[in-house]
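For reference, the structure discussed in these notes is given below.
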Amino acid sequence: MSNIRARLLVVLVVLSGFLTVAGTPPATAATSAPPSDSLWFDGAPLTVRGGRFTDGQGREIVLRGYNVSGETKLEENSGLPFASVADARRSASALRALGGGNAVRFLLSWAHAEPVRGQVDTGYLAAVTEQMRAFLDEGIRVFPDFHQDLYSRHLFTTGSWYTGDGAPKWAVDAGSYPAESCGICLFWGQNITQNAAVQKAQYDFWHDNHGLQDAFLATAQTTMAYLQQHLNGDEFAAVAGFDPYNEPYAGSYDSGQTSRTWERDLLWPFYVRFRARMDAAGWQDKPAFVEPNLFWNSNISTQKQEGGLLDAGTLGPGYVLNTHFYDQKAISGILMWGKAADGQYASDFAAVRDRAASAGTAAVVSEFGHPLSGTVSDKAPTVLKAMYQALDSRLPGAGWWSDPSASGPVLSGTQWQWDIYNGRHHELMNGNPDKVLTSGDAWNDEDLSAVHTDDSGNVTLRQDARLLDRLYPSATAGTTLAFTYEDRSRDGSTTLTWNPVPASLPNVAQLVGSGQYGLLVWRSGNGTAPTELHLPASFPTASTTVVSDLGTVNAPPPYTSAAPVAVAPEPGGTGSRRLLLTDGDFGVLHYALVTNGATAPSADLLSAARSELAAWAAAHF
């Protein structure tokens, strides 16, 4: 049935949702030690400064990782992301070691936080805290997300074709909503604009009818206060901020209202109220990761709506522009017949950069992805490569070397999703024992998880490791001027190379060969902590070559403050590694090429490649 609907679909809305639900294990005292392998500059809280995330050393920070997890949309584990803390730790370790992530968007559920009106379930909060701690212990930054899709599961009946997540049953009962029906909807996202029950419930929330918004904000404050009180100082420092509400939409507009005025008059005031709740809960120094109207950056013109919090003024350090992006045309199977290509999403992600810059804040693309099964899954390798390319730079690969100064800031992003139970669920859809879902994500026919658990109990990637475990500048000591990464990921048996080294740099091209490479250009700041790049597993230390104005080296040595180019473990003890580049100056242009393409390159080749890069950098910056 789902594949038939997918083949027929012409216009769709692609929306992935989240929800965390908890059981009632007792709280554990917050006595966790800092992550193993931490260095003196690790673990500082994040702030927003100059339109970028920064740490306590003044370095620009890039968050990369995944959503944890779509399991929280389900009821099989009482809405928790994991069946146990042990599973949470297994997932976190794999995310660090296999997925290269340093951050997760961690889903929470209003329905399970406040199952009875006015009564917050502290057992739920305790369970959430323990599972969140598993990621913090691996040195992974976390930003929680109060998640919803189609407002609530309780709008749907045991016979419904679709389901939702988010609001508790009492909130649905308060509204006396019509029986849900989406007519001939071919994809679950169409319920957002075509299902009267969903529309009315959304409308009521944004207008605070029945006191729904007031109740939600009170529960959110209690939740944030609980996390602040039950995480220790180091753990709480690694909480990056809070995502108040997933994929907001009006439901329906009042007479004369537009998407833009709805954002101005209803959505933004909600965020201001949420910001005040954060402050009251002890989160004064952490930003709210606020999402515009979910259709503001749709790539289907008939569904795109004006938005992006255009009338909110300068957001400043208290807010981060938080948005999602899915290629709705590609997922339709109709509106984009071919596969993605070099620069496919450059303009889409440039719009995110530009909007964040005009709002005076940082940006994060907290959901992006593509189905891994079904009729359009063959597009996934190219679609995901193009999305990561667009996160790294606003330029297509074909134009990067000739105009690198236009590369723009490196965007933070969390892929949808990381679900170790993918394909092994046991979900009674809408509580119906005759609809037991086991395949994919077990939610509205979705299947987007980057991982699953194999028959031996090991967490295993479902996508090319070269695509997911990426070189990226996790911390830049100064200002990032340009970055690119050629991952050489595969589409079937074909290696995708969208950013070859140009022939005008023959020694660099020889050094890279057919290997992967990344190139970072930055201007140094006034701190003393080094620049860090995550080293994928495909960059073993012995096979890693660095060509930089700071030095040229094959097989970089272990980190010391005296080594300008060095390698160190990343926090968490998973075996993941980072390249550390120490400049020790201020306002100076630096560059670093990192590649695994050469085996024991000669000193002459390294010197020649360095000369080429020095001339190239001087010509373009």
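Scope of the values below: all heavy atoms of this structure, side chains included, with no hydrogens, waters or symmetry mates.
With hydrogens and angles left out, the side-chain atoms of Glu291 and Tyr245 include no donor and acceptor closer than 3.5 Å. Using a 3.5 Å distance cut-off with no hydrogens or angles, the side chains of Thr476 and Thr531 do not pair a donor with an acceptor. Side-chain N/O atoms of His534 and Asp469 include a donor and acceptor closer than 3.5 Å. Counted by atom type alone, Asp454 and Thr460 present one or more donor-acceptor pairs between their side chains at under 3.5 Å. Side-chain atoms of Tyr124 and Glu114 include no donor-acceptor pair closer than 3.5 Å.
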Mind running side-chain contact (heavy atoms from CB on, under 4.5 Å) on Asp441 and Asn422 for me, showing each step along the way? CA-CA 5 Å; Asp441 300 339; Asn422 175 271; 3.0 Å; yes

Stepwise side-chain contact (heavy atoms from CB on, under 4.5 Å) check, Arg355 with Asn297: CA-CA 11 Å; Arg355 179 65 200 114; Asn297 61 342; over 6 Å; no

side-chain contact (heavy atoms from CB on, under 4.5 Å) for Ser449 and Tyr421? Distances and angles first, verdict last. CA-CA 9 Å; Ser449 178; Tyr421 305 116; over 6 Å; no

Intermediate values then yes/no, side-chain contact (heavy atoms from CB on, under 4.5 Å), Phe82 and Glu71: CA-CA 7 Å; Phe82 303 99; Glu71 167 71 10; over 6 Å; no

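Considering only heavy atoms from C-beta on, Asp165 comes within 4.5 Å of Trp443 through its side chain. Using a 4.5 Å heavy-atom cutoff, the side chains of Leu217 and Phe270 are in contact. Residues Asp487 and Gln389 fail the side-chain proximity criterion, which asks for heavy atoms closer than 4.5 Å. Looking only at side-chain heavy atoms (C-beta outward), Gln415 and Phe368 come within less than 4.5 Å of each other. Taking the side chain as every heavy atom from C-beta outward, Val290 and Asn322 never approach each other to under 4.5 Å. Using a 4.5 Å heavy-atom threshold, the side chains of Leu321 and Pro292 count as touching. The closest side-chain heavy-atom distance from Gln417 to Glu446 is not below 4.5 Å. In this structure, the side chains of Leu80 and Gln131 come closer than 4.5 Å at one or more pairs of heavy atoms.
Taking OG from Ser407 and CG from Leu520, the interatomic distance works out to 9.5 Å, rounded to the nearest 0.5 Å. Interatomic distance, Leu74 CG to Asp419 CG, rounded to the nearest 0.5 Å: 7.5 Å. The OH atom of Tyr66 sits 11.0 Å away from atom OG of Ser91, with the distance rounded to the nearest 0.5 Å. Interatomic distance, OG1 of Thr122 versus OH of Tyr226, reported as 6.0 Å (0.5 Å rounding). Here the NE2-CD distance, from His230 to Glu235, works out to 12.0 Å after rounding to the nearest 0.5 Å. Put simply, CZ on Phe143 and CZ on Arg105 are 6.0 Å apart, with the number rounded to the nearest 0.5 Å.
Between Asp464 and Lys385 there is no salt bridge, since no side-chain nitrogen of the basic residue lies less than 4.0 Å from a carboxylate oxygen of the acidic one. Under 4.0 Å is where a charged nitrogen must lie from a carboxylate oxygen, and between Glu532 and Arg578 at least one such pair does. A salt bridge links Arg59 to Asp55: at least one charged side-chain nitrogen sits closer than 4.0 Å to a carboxylate oxygen.
Residues that satisfy the side-chain hydrogen bond (donor to acceptor under 3.5 Å, both in side chains) test with Arg64, not counting sequence neighbours, are Asp392. Tyr271 pairs by the ring pair (Phe, Tyr, Trp, His ring centres under 6.0 Å) definition with nothing, not counting sequence neighbours.
The closest donor-acceptor contact from the side chain of Arg577 to the backbone of Phe539 lies under 3.5 Å. Looking at Asp42, its side chain does come within 3.5 Å of a backbone N or O of Leu39 through a donor-acceptor pair. Panel note: side chain Glu60, backbone Arg52; no donor-acceptor pair is recorded below 3.5 Å. At distances below 3.5 Å, at least one donor-acceptor pair connects side-chain atoms of Glu486 with backbone N or O atoms of Asn499. Between the side chain of Arg424 and the backbone N or O of His452, no donor-acceptor pair lies under 3.5 Å. Not a single donor-acceptor pair under 3.5 Å links the side chain of Ser576 to the backbone N or O of Glu570. In this structure, Glu263 contributes its side chain and Asn293 its backbone to a donor-acceptor pair below 3.5 Å. Proximity of a side-chain donor or acceptor of Gln344 to a complementary backbone N or O of Val383 within less than 3.5 Å is not detected. Using a distance-only test at 3.5 Å, with no hydrogens or angles considered, no donor-acceptor pair links the side chain of Ser93 to the main chain of Arg89. Judged purely by atom type and a 3.5 angstrom limit, Ser489 has no side-chain atom pairing as donor or acceptor with the backbone of Leu467.
A ring-centre distance under 6.0 Å is found for Phe325 and Phe349. You'll find the ring centres of Phe216 and Phe146 inside the 6.0 Å limit. Aromatic rings of Phe274 and Phe242 (six-membered ring for Trp) have centroids within the 6.0 Å cut-off, being under it.
Smallest separation of non-hydrogen atoms from Pro287 and Arg275: CA-NH1, 3.6 Å. Minimum interatomic distance between Asn67 and Ser366 (heavy atoms only, all atoms of both residues): ND2-O, 2.9 Å. Of all non-hydrogen atoms in Gly587 and Arg523, the two that sit nearest each other are O-NH1, 3.4 Å. Tyr472 approaches Val62 most closely through the heavy-atom pair CE1-O, 4.1 Å. Shown here for Val565 and Pro557, the closest heavy-atom pair between the two residues is O-CD, 3.4 Å. Across Ala225 and Ala281, no two heavy atoms sit closer than the pair N-CB, 3.7 Å.
For the pair Lys286 and Phe236, the distance from NZ or CZ to the six-membered ring centre is under 6.0 Å and the angle to the ring normal is within 45 degrees.
Just one residue in the list Arg466, Arg470, Gln516, Arg488 forms a side chain to side chain donor-acceptor pair (under 3.5 Å) with Ser538, and that residue is Gln516.
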